[in-house]
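Heavy-atom basis, side chains included; hydrogens, waters and symmetry copies ignored. Both counts, for ligands and for their atoms, begin at 1 and track the order of listing.
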Amino acid sequence: MNNRILITGALGQLGEFFINSLTKAGNYILATDIKKPNNISCDFEFYDILDLEKGNELIKKYKINQVYNFAAILSAKGENNPMSTWYINNSGFMNIIKLCIDNNIKKVFWPSTIAVFGKNSNLDFVNNEEPMFPETMYGVSKLSCEKAMFYFNSKKIIDIRSIRFPGIVSSTKPGGGTTDYIVDMLFSAKNNENYNCFLNSETFLPMMHIDDAIEASIMLMNADKKNISINYPYNISSFETSPSKWNNIINSIGYDLNVKYKPDYRQKIADSWPKKIDDSILRNDIKWEPKFNDIDTAKHIIDSI
Ligand code: SER
């Protein structure tokens with residue numbers, strides 16, 4: 001592929017795995033974040049996406065021609081500070097788009113989320129164009145960026161590609177999300193600890209293995225423009241699970257995880273999110289399908305913790 005890719009928010013849940021896959025595919029990666037990396041396998045620079053001047057400097061210095069913009073505040077953390085969530089997620093998005101336009105960068109990957117849906121969406125099976133009134137500031141901020149994405153893509157100002165990620169299962173902890181229990185439970189099982197779950201046992205939410213999320217994202221970035229049939233983000237779907245089902249899966253593969261349920265404010269967020277997702281447009285456009293079901297995901301990730 002041989003692109004020179006800037007990744008923002010590279011020390012979050014997704015960064016490390018995207019760095020590995022994109023590097024393997026022959027790209028140069030500049031990872032950036034506002035935290036200090038422990039160890040990282042590519043060039044790294046401190047960069048706050050609100051800092052336009054630094055962004056401009058880095059893009060020029062490293063001759064960047066593509067951006068994966070992961071810097072964002074997630075759903076649960078975002079509810080503790082809605083103003084800064086709006087500011088970081090939206091101004092950050094707009095800054096990246098402005099920097100790309102100013103520096104003639106043609107293609108951006110930016111993840112949206114299942115948090116854009118709300119109680120007025122058909123949550124039992126959300127299609128790509130459900131009515132949306134998100135209940136979290138995270139969802140509100142991502143949905144408004146979706147509208148900006150539609151604007152820029154429709155006017156052919158820049159080519160922004162996006163997928164609405166569900167809960168992602170990986171061997172790194174997410175932090176600040178409503179789907180975080182899916183990873184936390186694996187860590188507790190591996191460490192022989194009990195787990196206190198902040199959602200109730202029967203809350204079904206869509207989830208997917210990180211490798212499936214990465215494969216779909218990179219396939220979407222590489223897809224021929226003529227195959228991209230929509231100017232806004234794609235739904236994506238792999239499997240659905242609830243805390244009690246996930247607990248049973250973990251125990252069925254040889255662990256003895258004991259979970260207590262103490263739902264908190266995140267329960268209300270989860271209740272406003274989809275239970276199941278229709279991703280037929282994505283599958284049709286880029287010919288992707290997930291490789292990991294729920295059991296394979298639990299096994300594979302717990303082994304790599
Ligand atoms: N995993 C995210 C969250 O829980 C959803 O996109 O906030």
Enquirer: For ligand 1, which part of Tyr138 has a heavy atom less than 4.0 Å away: the side chain, the backbone, both, or neither?
Expert: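 For Tyr138, the contact with ligand 1 is made by the side chain alone.
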Enquirer: Between Asn127 and Asp278, is any side-chain donor less than 3.5 angstrom from a side-chain acceptor?
Expert: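 No donor-acceptor contact under 3.5 Å links the two side chains.
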Enquirer: Just to confirm my output: which protein heavy-atom neighbour is closest to atom 3 (C) of ligand 1, and how far is it?
Expert: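 For this ligand atom, the closest protein heavy atom is Ser75 OG, 3.4 Å.
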Enquirer: Taking distance alone, with no angle check, do Asp180 and ligand 1 share an N/O pair under 3.5 Å?
Expert: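 No; the residue has no nitrogen or oxygen that sits under 3.5 Å from a nitrogen or oxygen of the ligand.
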Enquirer: Under 4.0 Å from any heavy atom of Leu74, which atoms of ligand 1 are there?
Expert: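 Reading through ligand 1 atom by atom, the close ones are 7 (O).
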Enquirer: Between Asp294 and Lys245, does at least one N-O distance fall below 4.0 Å, as a salt bridge requires?
Expert: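 Salt bridge between Asp294 and Lys245, a charged N being under 4.0 Å from a carboxylate O: yes.
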Enquirer: Show the atoms of ligand 1 that are less than 4.0 angstrom away from any heavy atom in Phe165.
Expert: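 So the answer, numbered in order with elements, is 6 (O).
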Enquirer: Between Asn128 and Tyr232, is there a side-chain donor-acceptor contact under 3.5 Å, judged purely by atom types and distance?
Expert: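 No donor-acceptor contact under 3.5 Å links the two side chains.
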Enquirer: How far is atom 2 (C) of ligand 1 from its nearest protein heavy atom, and which residue and atom is that?
Expert: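 Ranking protein heavy atoms by distance from atom 2 (C) of ligand 1, first comes Thr179 OG1, 3.9 Å.
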Enquirer: For ligand 1, note which part of Trp273 has a heavy atom under 4.0 Å away: side chain, backbone, both or neither.
Expert: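 The side chain, only.
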Enquirer: Heavy atoms only: which of Ile182, Thr178, Thr113 lies closest to atom 4 (O) of ligand 1?
Expert: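 Result: the heavy atom closest to atom 4 (O) of ligand 1 is in Thr178.
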Enquirer: Report yes or no: do Gln267 and Asp271 form a side-chain donor-acceptor pair below 3.5 Å?
Expert: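 Their side chains do contain a donor-acceptor pair, which is all the 3.5 Å distance test asks for.
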Enquirer: Under the 3.5 angstrom rule, does the side chain of Thr32 hit a backbone N or O of Ile7 as a donor-acceptor pair?
Expert: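 Side chain of Thr32 to backbone of Ile7: a pair is present.
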Enquirer: Tell me yes or no: between the side chains of Asn103 and Lys60, is some donor less than 3.5 Å from an acceptor?
Expert: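 The answer is yes; a qualifying pair exists.
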